[in-house]
Student: 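What follows is a structure written as structure tokens; I'll ask about it next.
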There are 2 protein chains.
Amino acid sequence: MATKANKEALAEKPDGTRVNYTSYDVAVRAGVSQSAVSRCFKEGAYASDEMRARVMKAAAELGYTPNAIARSLITRRSDLIAVLISNLTNLYYPEVLSELSRQFSLNGMRMLLFTLPGDTEVDRVLSQIWEYQVGGVIAAAAHILPRHVEEFERRRVPLVLYNRTMKDKAVSAVVCDQVDGARTLVSRLAAAGHKRFAIIDGPAESVVAQERTRGACERIAELKLAKPVIVRGNYDYESGAVGMREIVRQMGRAPDAVICGNDVMAIGCVDAARHELGLEVPRKLSVAGFDGIEPANWMSYQLTTLRQPVQEMARAATELLTSMINNPGAGPEKRSFSAQLIEGATARLAPRSV
Amino acid sequence: MATKANKEALAEKPDGTRVNYTSYDVAVRAGVSQSAVSRCFKEGAYASDEMRARVMKAAAELGYTPNAIARSLITRRSDLIAVLISNLTNLYYPEVLSELSRQFSLNGMRMLLFTLPGDTEVDRVLSQIWEYQVGGVIAAAAHILPRHVEEFERRRVPLVLYNRTMKDKAVSAVVCDQVDGARTLVSRLAAAGHKRFAIIDGPAESVVAQERTRGACERIAELKLAKPVIVRGNYDYESGAVGMREIVRQMGRAPDAVICGNDVMAIGCVDAARHELGLEVPRKLSVAGFDGIEPANWMSYQLTTLRQPVQEMARAATELLTSMINNPGAGPEKRSFSAQLIEGATARLAPRSV
DNA sequence: TTGTACGCGTTATCAT
DNA sequence: ATGATAACGCGTACAA
């Protein structure tokens with residue numbers, strides 16, 4: 001047949017070398033049908049040992065690899081997962097990404113990575129995602145709006161939010177309880193005698209930052225302490241240092257404790273206090289952060305922080321997503337984790353109670 | 001026709017909602033042929049304004065998105081790029097990855113991310129890559145062997161190595177001249193009076209580490225200085241601290257200068273010197289690192305380091321890869337960059353000469 | 001157990 | 001300018 005001849009010729013290059021063999025090429029070489037080859041590459045499909053051996057031998061000789069693109073066209077599902085991340089320069093995300101990658105790899109899924117530079121890019125990135133027929137998406141990025149979630153629902157693409165939730169919209173998510181962590185932190189600081197608090201908040205669009213600040217403020221109010229001075233930061237080192245200076249300016253003196261929206265800002269805050277303002281930490285000033293990134297452990301800091309169980313959270317996210325993929329009917333599910341207080345050496349804490 | 005009826009029914013779910021529309025659905029709604037729809041979504045293809053408008057309207061109403069899987073099956077090329085990275089926990093890589101992502105996104109390519117946990121995983125990961133018919137690969141990972149490169153050549157898949165090269169094998173790469181950087185560093189340190197050097201080397205399998213150490217040793221020998229004590233590290237903070245202690249143990253005293261295989265180890269080294277050994281840095285001991293990661297800038301360190309021009313390198317890597325994709329004939333090409341000495345505050349350097 | 005035939009959703013090649 | 005039709009490489013129902 002002409003068709004067969006064409007197919008055979010496909011792998012032939014002008015220079016005589018061959019490249020990109022298909023299951024058909026393998027079939028010809030093994031003297032079996034194409035569908036037999038297909039079956040041999042699928043676990044638990046009908047195939048005699050004799051044939052399987054012949055096919056595998058031919059495949060190995062040609063260096064044949066199944067074409068995942070063609071496969072997912074016919075099976076109507078791909079093992080592609082998209083991961084959306086805001087900015088990798090936030091030292092917290094590489095760890096998350098690394099764990100996600102490990103977990104997905106273990107589950108036989110491939111990861112399509114999208115980083116979101118700006119806020120308005122979401123629509124553009126989502127349309128790229130739809131094109132690739134991904135099996136699911138993990139979004140560890142800000143700027144995901146309810147209308148985006150609705151599009152996920154319409155398209156029946158499973159979505160798991162990482163460390164963010166959505167008001168008035170049921171959506172699967174893996175979160176760390178920021179409010180609770182912040183409350184615990186304030187309690188422990190207050191019990192140790194801190195009275196005047198200040199907060200270096202994260203960027204306005206970060207839900208995580210909002211929750212951390214809210215938790216701290218709530219608890220401070222409950223304890224009838226003075227309302228904290230709050231300055232805005234953007235999660236980076238410099239804004240932590242700037243924030244610290246601004247706090248001192250606004251208060252006319254140093255506060256007792258500064259709660260920072262993340263570890264990097266806390267480190268900037270500690271450095272500004274020590275190196276620029278001459279404030280001893282923690283003797284004169286307590287500083288605490290959130291996340292538990294690796295540099296927080298460094299001897300120069302030994303930051304007091306609320307560590308997120310990244311490994312467990314990443315695992316939960318992949319499990320949640322895979323279960324959503326396999327049970328398309330199931331409704332949204334939230335999994336919440338608690339932050340762990342790392343006592344560190346940048347804050348004076350009362351001994352653990354309760 | 002039965003076929004048409006089937007195709008129409010495809011987007012229909014049991015519950016009556018529709019999902020995953022195809023170009024055929026759009027065609028029916030716009031009252032044109034399927035191939036017309038296809039053309040409308042392709043730039044510069046024949047299509048009257050009138051029809052284009054009708055088709056786009058129908059597509060928008062349905063929320064149609066072209067299926068990239070099907071497209072790349074027929075065009076025999078995908079806009080997928082695979083990126084291989086050893087370990088994201090090395091603080092240097094997130095920046096690289098972030099830049100690569102930005103660049104690829106700008107060029108309309110999607111990024112498939114593979115992280116390599118171990119050394120023997122390479123083969124497994126590569127076979128996953130072949131399955132996805134990627135247009136090209138950027139490898140910023142150790143453990144890529146000549147036989148792997150040969151498979152890239154056989155399969156005609158463009159490969160660009162990031163910060164690694166291969167002996168006896170021509171392969172495209174973007175590198176930073178580590179040897180030259182290390183030599184400059186030693187020269188500047190020696191000119192400032194440092195005589196007894198020590199080196200905290202990176203892991204054995206890191207070519208980058210080998211070059212950094214080699215460059216330093218060469219220059220030290222040329223200057224007729226004592227052979228440096230060399231201890232092995234593994235790029236992480238702890239191994240920098242351990243390395244520093246080990247150096248002092250081996251030498252019976254502190255050296256004049258320690259050159260570390262990367263910034264994270266240098267930071268560990270500085271911390272161990274200051275906090276554990278009571279050595280003033282840089283008054284009693286000079287320490288320098290490589291990479292120029294963000295924490296190296298922090299006030300507590302202000303590390304003296306050789307910064308790699310990550311942005312330029314990432315850009316070069318994407319340019320190189322895209323040009324290889326577009327000119328399949330062209331041979332391998334190397335692009336080399338110079339590291340920039342950040343003078344910092346952890347080493348006493350002689351004023352710049354020559 | 002194996003082979004035949006068809007279709008996944010798209011682009012490319014023809015006619016018209 | 002537009003429409004029919006044939007691939008792309010694979011999985012799978014069905015026949016043998």
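Lettering of chains follows the sequences in order, A, B, ..., and the numbering in each one begins at 1. Small disclaimer: the values here were computed from a predicted structure and weren't measured. Side chains are part of it too, since the values below use all heavy atoms of this structure and drop only hydrogens, waters and symmetry mates.
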Student: Rounding to a whole Å, what distance do you find between B:N67:CG and D:dG9:P?
Tutor: 16 Å

Student: Salt-bridged, A:D49 to A:R54, with N to O below 4.0 Å?
Tutor: no

Student: Go through A:T65 and B:R155 one step at a time and tell me if the side-chain hydrogen bond (donor to acceptor under 3.5 Å, both in side chains) criterion holds.
Tutor: CA-CA 11 Å; A:T65 322; B:R155 294 181 183 267; 3.0 Å; yes

Student: Could you check how far CD of B:E131 sits from C1' of D:dC10, rounded to whole Å?
Tutor: 12 Å

Student: Report each atom pair, protein N/O against N/O of nucleotides 12-16 of chain D, whose distance is under 3.5 angstrom.
Tutor:
unit_1: D:dT12; atom_1: OP2; unit_2: A:K42; atom_2: NZ; d: 2.7

Student: When you match B:G31 and A:A70 each to their closest nucleotide on DNA chain D, which lands nearer the 5' end?
Tutor: B:G31

Student: I'd like to know if B:E150 and B:R154 make a salt bridge, using a cut-off of under 4.0 Å between side-chain N and carboxylate O.
Tutor: no

Student: Have a look at A:A47 and say if it touches a base, only the backbone sugar-phosphate, or nothing, with a 4.0 Å heavy-atom cut-off.
Tutor: sugar-phosphate

Student: Round to the nearest Å and state the distance from A:R71 atom CZ to C:dC8 atom C1'.
Tutor: 14 Å

Student: Taking the side chain of B:L73 as its heavy atoms from C-beta onward, which of C:dG9, D:dA4, C:dT2 lies nearest to it?
Tutor: C:dG9

Student: Which part of the nucleic acid, if any, lies within contact of A:V37, taking any heavy atom under 4.0 Å across all strands shown: a base, the sugar-phosphate backbone alone, or nothing?
Tutor: nothing

Student: Compute the ring centroids of A:F41 and A:Y64, then answer whether they are less than 6.0 Å apart.
Tutor: yes

Student: Specify the separation, in whole Å, of atom OH of A:Y132 and atom P of C:dT10.
Tutor: 13 Å

Student: For the residue pair A:F152 and A:W130, is the inter-centroid distance of their aromatic rings smaller than 6.0 Å?
Tutor: yes

Student: On the nucleotide D:dA7, are OP1 or OP2 found under 4.0 Å from the side-chain N or O atoms that B:R76 carries?
Tutor: no

Student: Taking OH from B:Y24 and P from D:dT5, how many angstroms apart are they, rounded to a whole number?
Tutor: 12 Å

Student: Contact class for B:F41 (heavy atom, under 4.0 Å): base, sugar-phosphate, or nothing?
Tutor: nothing

Student: What is the distance from CG of A:D25 to C1' of D:dC8, rounded to the nearest Å?
Tutor: 13 Å

Student: Do any side-chain nitrogens or oxygens of B:S72 fall under 4.0 Å of OP1 or OP2 in D:dC8?
Tutor: no

Student: Should B:Y64 be listed as having a side-chain N or O under 4.0 Å from OP1 or OP2 of C:dT10?
Tutor: yes

Student: Please report, rounded to the nearest Å, how far the C1' atom of D:dC10 is from the CD atom of B:Q133.
Tutor: 11 Å

Student: Tell me whether A:R124 is salt-bridged to A:E121, with the criterion being a basic N under 4.0 Å from an acidic carboxylate O.
Tutor: yes

Student: Salt bridge check: are B:K169 and B:E153 linked by an N-O gap of less than 4.0 Å?
Tutor: yes

Student: Nearest to the side chain of A:S33, which nucleotide is it out of D:dA1, C:dG3, D:dG9?
Tutor: C:dG3

